[in-house]
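Since this is a predicted model, take the numbers as computed values, not measurements. Each chain gets a letter, A, B and so on, in the order its sequence line appears, and its residues count up from 1.
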Amino acid sequence: MMKELETRYQNAKRALFDAAYGDLNERQREAVYTVGGPLLVLAGAGSGKTTVLVRRIAFLIRYGNAYYGSRIPAGLSPERVAGMEAAARLPREEIVPLLAEFAESPCEPYRVLAITFTNKAANEIKTRLEAMFPESPEVAADIWSGTFHSVCVRILRRHGERMGYRPNFTIYDTDDSKKAFLEAMRQVNIDEKLLPVKGVMNAVSRAKDRLLTPEEFAEEGNGDYRQKQIARVWTAYQDMLRDANALDFDDIIAQTVRLLRNHNDVRELYQKRFQYVCVDEYQDTNPAQFELTRLLAGGYGNLMVVGDDDQSIYKFRGATIQNILSFDQEFPRAKVVKLEQNYRSTQNILDAANAVIAKNDSRMGKTLWTAQGAGDRLHCVLCEDQNAESRRIVETVTKKVACGEAKYRDFAVLYRMNAQSQNLEKAFARSAVPYRMLGGTRFSDREEIRDAVAYLQLIANHADNLRLGRILNKPARKIGPKTVEAIAMIAAEVGCSQFEVIENAEKYAALGGAKTALETFANVIHTLTADAGTLALDVFFDRVLDLTGYRQMWIAKGEPEAERLENLDEFKSQIIEYMQENEEPTLEEFLEETALVADVDRYDETADAVVLMTIHSAKGLEFPVVFLPGMEEGIFPSQQTAEGGAAELEEERRLAYVALTRAKRELYLLHTSVRLLYGRTCVNPVSRFVSEIPSGLMDVEEPPRDRMAAGGGFRAWGTVSPAANRPRTYYHDDTYIPDPPAYGGTAGNRQPSRGGAGRSAPAYGGMSAGAAYGAKPKPAAEIYGVGTRVRHAVFGEGEIISAKPMGADTLYEIMFDRAGTKKLMASYAKLKKI
DNA sequence: CACGCTCTGCCTGCG
DNA sequence: GCAGAGCGTG
């Protein structure tokens, strides 16, 4: 009798939770309720992955193992159970307060660790957790949530001394690291021409991902000469970092793993602390991160990982898809929950993505579905060339915005490689469509920012030889390469830091005439080091720029470098922002944030503008309308992938899957008949990923016949027509004019003309353009001189600042009052003189 | 030391 | 096509 009541109680309890979590689907709920043991959540694109992660953390803090737990309250009565059964029919918000009493060993917030890859993801988790506990903000604050690197740095600051790092250690980013590698190569006498640094850095980085030591790496090469050389460089590099009390990004993970492996007390400290460990984007983890996760979760064994094997696109960065594929072998009792219901896209888009990814072998197997319905068919658009492709995208955006179908921010243009972005950006820059482009040089990578940071780093850590070298003679202080070399020699002999040599310059005869300059420099750094402890950070920063003469250096260069000063101001506002966010701001902590938090929120989702970025950086984002230009063999899949092995192609196909699943409503796949890339004209067949999409899902669009070249026209599926093969000349500003017929030659064997034809502007006749494309002849336009005020239909009023004759036409550069400076062809701009 | 010229290589890139 | 590195010269 009692047994039956207990079963009823358990069922009623679960029914209450199911009702309270009724906004989740069944699979999502299962993931949330499963708190004990290893758990793999295979979360398809758009399946509510972050929601599950956050809700689960909140669940285990509030209720612990309430759902699957077997606890029965004392004095359980039939009336009580009947009451619970009736309560399940109440509205959700009335059920939620009833759940607290079912809590079964709930977890304290500080015992939860959530690891992500990007700061953006870490911040999102934090923000969403704060929203889950509005009544007690300390809960979200107590949860350890951060990136792999921030978690490891936190551990190393505390226990790094065991590994030989003093707590004020410095973090070297990729650029610093490159400088150190170059120096290391000089030290071991290896010519950069024979062994490019890029290759060395990559090899060492991959080896560190695999937790190898230089010795193991050399051994693994089995006598391979190159590998032995790399190991020598690596050893010298590692010595330099050790001397400078510095770690690079890879060391941060690898050394934390060694710390936890080799020091039982430290490992146990964290294993006892972390009752629950969650890892996001698990398909992107490398072997070192796998090991770290395993160690940290090794106490309680409550490890949840979330990821999507089909979105593993970072093998080139060291990630192993194996980590997710063999999770259930590594953790034998693991539970696997698949999230396949998609809340983002239409069924047509999902069917296309499913069809493409189904061609892969190395996958766990998922099929996305939606309750939303089929939606529009995909569009496959063939354009003449990359300019037509870009224009086509801009036109489509303009049209859809004009008819009120969408806002600018609903559109994204996603491309395979950054080289494609130039054309696209030009088309947008010339139009009235607001856009923002991600990628390119990051703010923190700019020279002036790096220099400013180097000054701050040196002040925080005088042993930082690399940063010292960066700014020692910047601005020029009459400390030339000879002096620098002498300093390095002395430092190596004495066994001290280079800055200590400078401090004691008068002791060393070898420093000769530079002594005074060095003393002055040392004094400046000493003064600033003292200031760092007393002045407010922003005031201190100004003082650094002024006392070192660094600001003056850029001021002296005048107008062309004005942006540098603006960037330094922008950096100062980042300092102020940091001061506002932290109660006890310190230089060291600020520097750590700068090292680990590169350009937060590069993508402002609120701005009403079309977004342009690579497919890689679009992972995790979604847009109502997505354009995928360059769906061509040789671009996507890229040349080197297509030539690589099957594994490379599978990764590329996953990238295609990521690209397709970014779209919510509409998807445009664009490809061209001819394309100018790397200064070469190429004729690429349409991408295999387009061909893999069932034709019934797609509308195919080709340019109308009369606009096509003579000779049978273009065939969509890659047949090369002779006319398409004709070489063309492009001007630096991308205004294109076909070569006259007499030019001859074919695209395939055309020699790159370095600095030759095409740079200057030969006077081509306008007619050849018309003849090649059968296009209408350009209407004659009235020619205006520089300084003329004109009106444009879209951009409004402006002034002509330059006019360049181009064949029969004229290229104007016009500074518009509101739309900025644009380059326009006279015949198309339809300008009116004011 | 600053500049301008030539040469080269070139996919994706978190922290 | 173009950026970044390397190199030579004023």
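- The shortest distance between the side-chain N/O atoms of Asn418(A) and the OP1/OP2 oxygens of dT12(B) is below 4.0 Å.
- There is a side-chain donor-acceptor pair under 3.5 Å between Asp451(A) and Tyr550(A).
- Nearest nucleotide to the Thr118(A) side chain, out of dC11(B), dA5(C), dG15(B): dG15(B).
- Shown here are the side-chain hydrogen bond (donor to acceptor under 3.5 Å, both in side chains) partners of His159(A), two or more places apart in sequence or in another chain: Tyr270(A).
- Using cut-offs of 30° and 60° for the angle between ring planes, the Tyr314(A) and His616(A) rings count as tilted.
- A salt bridge (Lys or Arg N to Asp or Glu O under 4.0 Å) with Glu124(A) holds for exactly one of Arg128(A), Lys126(A), Lys120(A); it is Arg128(A).
- The interatomic distance linking Leu438(A) (CG) with dC14(B) (P) rounds to 11 Å, in whole Å.
- Listed nucleotides dG1(C), dG13(B), dG15(B) differ in distance to Tyr678(A); the shortest reach to its side chain belongs to dG1(C).
- Nearest to the side-chain atoms of Phe249(A) among the listed nucleotides dA5(C), dG15(B), dT12(B) stands dG15(B).
- Here Glu192(A) lies in heavy-atom contact (under 4.0 Å) with sugar-phosphate atoms only.
- With dC2(C), dC10(B), dG15(B) as the candidates, the nucleotide lying closest to the side chain of Lys198(A) is dC10(B).
- Atom CG in Asn202(A) sits roughly 17 Å away from atom P in dG9(B) (whole-Å rounding).
- A side-chain donor-acceptor contact under 3.5 Å links Thr127(A) to the backbone of Asn123(A).
- Summarising the geometry of Asp173(A) relative to Arg450(A), their closest heavy-atom pair is OD1-NH2, 2.8 Å, with the distance given to 0.1 Å.
- When the nucleotides dT12(B), dG13(B), dA5(C) are ranked by their closest atom to the side chain of Tyr314(A), dG13(B) comes out on top.
- In this structure, the nucleotide among dT12(B), dC7(C), dG13(B) sitting nearest to the side chain of Lys193(A) is dC7(C).
- One finds no side-chain N or O of Ser617(A) lying less than 4.0 angstrom from the OP1 or OP2 phosphate oxygen of dT12(B).
- Crowding of Lys178(A) atom NZ: a count of heavy atoms from other residues, nucleotides or ligands under 6.0 Å not exceeding 12.
- If you measure from atom CD of Glu425(A) to atom C1' of dC2(C), you get 14 Å, rounded to the nearest angstrom.
- Base engagement by Asp250(A) is indicated by at least one non-hydrogen atom pair under 4.0 Å involving a base atom.
- Taking only distance into account, the side chain of Thr174(A) meets the base of dG15(B) through a donor-acceptor pair shorter than 3.5 Å.
- When distances run from any side-chain atom of Pro481(A) to the nucleotides dC1(B), dA5(C), dG13(B), the shortest one goes to dC1(B).
- Counting non-hydrogen atoms under 4.0 angstrom, Asn286(A) reaches nothing in the nucleic acid.
- Put simply, Asn119(A) has a side-chain N or O that comes within less than 4.0 Å of OP1 or OP2 on dG15(B).
- For the pair Asp280(A) CG and dG15(B) P, the interatomic distance rounds to 13 Å; values are reported in whole Å.
- Using a 4.0 Å heavy-atom distance criterion, Ser638(A) is classed as a base contact.
- Among the atoms of the strands shown, none is found under 4.0 Å from any heavy atom of Gln639(A).
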Tell me, what's DNA chain B's dot-bracket, Watson-Crick or G-U with both distances under 3.5 Å, | for other-strand, [ ] crossing?
||||||||||.....
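- Side-chain contact annotation: Tyr578(A) with Thr594(A), donor-acceptor N/O pair under 3.5 Å absent.
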